Each structure stands twice: as structure tokens, then as C-alpha cells.
Amino acid sequence: MKRIGLITSGGDAPGMNACIRAITKYCLNIGIVPVGYYDGYQGIIEKRSIELNFSDVDNIIQQGGTILGAARSEEFRTVEGRKKAIDNLILNNIDALICIGGDGTFAGANALSEEMNIPVIGIPGTIDNDISGTDHSIGYDTALNTVIEAIDKIRDTASSHHRIFFIEVMGRNAGFIALNSAIASGAESVLIPEELSDINALAKDLKEQNKGKRGSIVIVAEGDDAGGAIEIMKKVEPLMEGYSLRSSILGHIQRGGRPSACDRLLATKMGVFAVDQLLSGKYNIVVGAKGNDLVISSIDSAVENQSIPDLSMLKLLIKLR
Ligand code: F6P
């Protein structure tokens with residue numbers, strides 16, 4: 001193993017830079033050349049790469065985003081696009097490719113390994129935390145903290161004005177951010193894609209809960225079956241006459257910012273672990289963290305399965321009303 005390619009793909013996530021740093025430094029220290037491609041798979045197609053050196057990864061452990069850039073490449077979804085990528089990886093003497101991203105990134109890595117026989121390894125990097133085979137993905141903890149900070153602020157104004165706020169958070173079709181931010185911020189209700197939402201029951205609950213309270217917070221996962229925060233607020237409005245309702249969509253603020261200590265540690269450990277897996281001949285896998293252990297699972301299972309949040313947390317929320 002002389003040259004390892006590296007991409008960050010899909011949506012960026014805080015901690016990706018810490019992972020790039022760990023992989024780069026470890027590779028260089030053991031005589032492997034780390035080759036970073038810009039903007040995910042698109043950079044491989046367009047031959048945009050850099051042989052990473054120590055100075056390239058100085059002072060990036062604390063930075064959000066990704067110095068390599070990230071993208072969701074449409075061209076790579078085509079056979080012709082992947083053929084170009086494969087030719088360029090061969091031309092650049094890449095012995096293995098490390099792909100940091102989410103399930104879309106892993107589906108791409110899987111296709112590459114099937115079509116060209118290059119060893120690939122996935123590292124879960126997504127704020128959505130929906131990757132099977134790991135308790136947490138890089139970026140999730142930071143996003144959760146960003147969300148909680150925003151909810152705390154909205155709570156201040158909700159309480160001041162006796163308002164009910166519907167706050168929409170990211171997560172695509174997974175409810176990890178929504179459910180856990182709801183618990184951690186003391187929200188009154190949460191709507192997640194993993195549970196069917198009942199608007200009548202929500203309005204009834206909110207009226208009940210609002211008695212004697214100076215405002216309520218409802219967290220809405222962006223992928224909820226009843227719609228986003230604005231839509232849900234509009235559905236609830238006719239059932240809640242006399243109440244002051246507002247909505248807020250937190251948006252991409254959730255993807256940015258300095259990675260938390262947890263994400264820096266996770267990213268660093270996973271980066272070095274991934275290189276070690278390649279050196280010991282293990283590939284076409286995704287690395288993960290279960291409890292205190294670093295683990296591996298097949299890339300197929302990571303593509304086919306989606307992790308779901310612990311639904312017993314919904315009951316916890318109800319117990320704390
Ligand atoms: O997968 C990360 C994520 O932030 C999701 O939570 C969200 O649905 C999506 O990416 C947004 O993607 P984009 O930045 O392309 O709009």
C-alpha cells in the first residue's frame with residue numbers, strides 16, 4: 001500500500017477536517033502518500049487532487065467544513081462518470097480509497113469497488129447519524145449541540161411571549177437530531193419520521209401542556225410524514241385558536257461550526273483505524289464506533305440498512321411533560 005486516495009463526499013460535517021488530518025499524518029508517518037481529491041467523487045472524475053503533506057493539515061482539527069470540499073456528484077452516478085473516475089484512480093496509482101461521508105457516499109464507494117476492484121473503506125461522516133454499524137457518525141455531536149444552543153435561544157423568546165414554536169431541524173429522513181435535541185432541550189413535543197404523526201393529538205397535547213406554562217417548543221424533523229415546521233404549524237393553527245404560534249427552520253447553521261471534542265476524538269480514532277484496516281488487508285468495509293470499541297461492517301450492509309434512533313426516548317419525553 002503506497003498511495004491512499006481520500007475524499008469527503010455528500011454533505012459536509014464538522015470533524016471531517018480532523019479525520020483528514022489524522023489520516024494524512026498517520027499515512028505520512030508510515031511512508032504512505034495520502035492523496036486528497038477535491039469535491040468528492042467529482043474531483044476524481046476531473047483529476048483534481050493534492051498529495052497531502054503535514055503543512056496542509058496544520059491547524060485544521062478545530063475547523064468546521066472540509067478542506068477538500070464536498071459534493072453530491074451527478075456525473076458519478078452514471079457508468080461513464082465512474083469509468084472516468086476509475087481510469088483516473090489507476091492513472092494516479094491509487095492503491096485504496098477512503099471515503100468519508102454518508103450512505104450516498106458509501107453507495108458510490110461500493111459501486112467503485114464492484115466495478116474496478118479497488119479496495120475502498122468508508123468512514124461515517126454525516127450530521128444525520130443514520131449510518132448502520134456505528135453508534136455515532138462524525139459531525140452528529142456538533143450538530144446536536146448547535147441545535148440545542150439555538151433551541152435554548154428560541155425558548156427565551158417563546159417564554160417571554162407565551163408562544164408555541166415549531167422548530168425544524170435537519171436529519172433528512174432520520175430523526176436522530178430531532179429526538180435527541182428534543183430531550184436535551186426539554187422540548188414539549190417532537191415529530192420524527194420513524195413515528196406516524198397525529199396532528200389532532202399534537203394540538204390536544206399542546207393545549208394540555210400549555211396550561212400554566214409560558215410557551216412550548218415542538219421539534220420537527222425535516223423528514224416528518226406530516227411535513228416541515230411551517231406546514232405542521234399551519235395544520236395545527238385552526239385547532240389552537242387563541243394561541244400564538246411561530247415556526248423556525250434552523251437550516252444549514254446545523255452543518256457548520258467548530259467540531260465538538262467528541263467529534264474530533266471520533267474522527268481522529270476512526271481515521272487511524274481505517275488506515276490500519278487497509279494495512280491489514282480489510283476493505284470494502286465501513287468503520288464504526290460501538291460503545292468504547294471501534295468496529296467494522298460490510299459496506300453493503302451500510303448501504304442497505306439505515307440506523308434508527310432509540311424510540312424509547314419518545315416515552316422518556318412524555319414522562320417528563
Ligand atoms: O445529509 C446532511 C444534510 O444536512 C441533511 O440533514 C439535509 O437533508 C441535507 O444534507 C441538505 O442537503 P443540501 O445541503 O444539499 O441542501
Side-chain angles (χ1 to χ4, degrees), residues 7-19 38-43 63-66 68-77 99-110 122-151 166-182 184 190-194 219-232 247-260 263 266-267 270 286 288 302-309:
I7 58 165
T8 48
S9 176
D12 60 318
M16 281 183 165
N17 279 330
C19 197
Y38 291 109
D39 303 326
Y41 293 111
Q42 198 58 37
Q63 286 175 23
T66 157
L68 290 177
R72 306 187 209 275
S73 168
E74 284 306 320
E75 198 177 352
F76 188 76
R77 290 180 206 272
C99 307
I100 311 170
D103 48 4
T105 302
F106 299 159
N110 211 14
I123 300 183
T126 165
I127 63 164
D128 302 338
N129 203 41
D130 55 351
I131 307 298
S132 73
T134 189
D135 293 341
H136 293 131
S137 54
I138 297 166
Y140 169 63
D141 182 70
T142 308
L144 197 54
N145 279 295
T146 302
V147 167
I148 289 164
E149 199 183 325
I151 298 171
F166 295 80
I167 305 176
E168 182 177 313
V169 301
M170 278 187 171
R172 202 177 288 275
N173 50 7
F176 283 93
I177 296 179
L179 183 53
N180 289 309
S181 67
V190 61
L191 302 180
I192 55 172
E194 291 82 0
I219 305 297
V220 179
E222 64 174 349
D224 190 70
D225 59 282
I230 297 174
E231 215 179 326
I232 289 173
S247 64
S248 177
I249 299 174
L250 297 188
H252 285 78
I253 191 172
Q254 295 164 92
R255 285 234 299 260
R258 298 168 69 225
S260 67
D263 275 331
L266 186 67
M270 282 183 169
V286 170
V303 171
E304 278 161 23
N305 304 306
Q306 183 181 320
S307 181
I308 60 160

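Model, not experiment: these values are computed from the prediction. Note that the numbering runs from 1 along the sequence shown for the chain. In each ligand, atom 1 is the first atom listed, and ligand 1 is the first ligand listed.
For G102, the heavy-atom gap to ligand 1 stays at 4.0 angstrom or more. Residue contacts with ligand 1 include R72, since one of its heavy atoms falls under 4.0 Å from the ligand.
Between P124 and Y140 the shortest side-chain heavy-atom distance does not fall below 4.5 Å. Taking 4.5 Å as the limit, some side-chain heavy atom of N173 sits within range of a side-chain heavy atom of Q306.
Using modelled atom types, one finds a donor on one side chain and an acceptor on the other under 3.5 Å when comparing D263 with T142.
Scanning all protein heavy atoms for the shortest distance to atom 6 (O) of ligand 1 gives D128 OD1, 2.7 Å. Atom 11 (C) of ligand 1 has its closest protein heavy atom at R255 NH1, 3.6 Å.
Any N or O atom pair closer than 3.5 Å counts here, and G171 shares at least one such pair with ligand 1.
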Between D141 and S260, is a side chain to side chain donor-acceptor pair (under 3.5 Å) present by the stated rule, with each step listed?
-> CA-CA 7 Å; D141 182 70; S260 67; 2.5 Å; yes
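Of all atoms in ligand 1, numbered sequentially from 1 with element shown, those under 4.0 Å from a heavy atom of H252 are 13 (P), 14 (O), 16 (O). Every atom of ligand 1 is numbered from 1 in the order shown, and the set under 4.0 Å from a heavy atom of E222 is 5 (C), 6 (O), 7 (C), 8 (O).
Between Q254 and T146 the shortest heavy-atom distance is CA-CG2, 4.3 Å. Contact detail for E75 and Q42: the closest heavy-atom pair is OE1-NE2, 3.0 Å.
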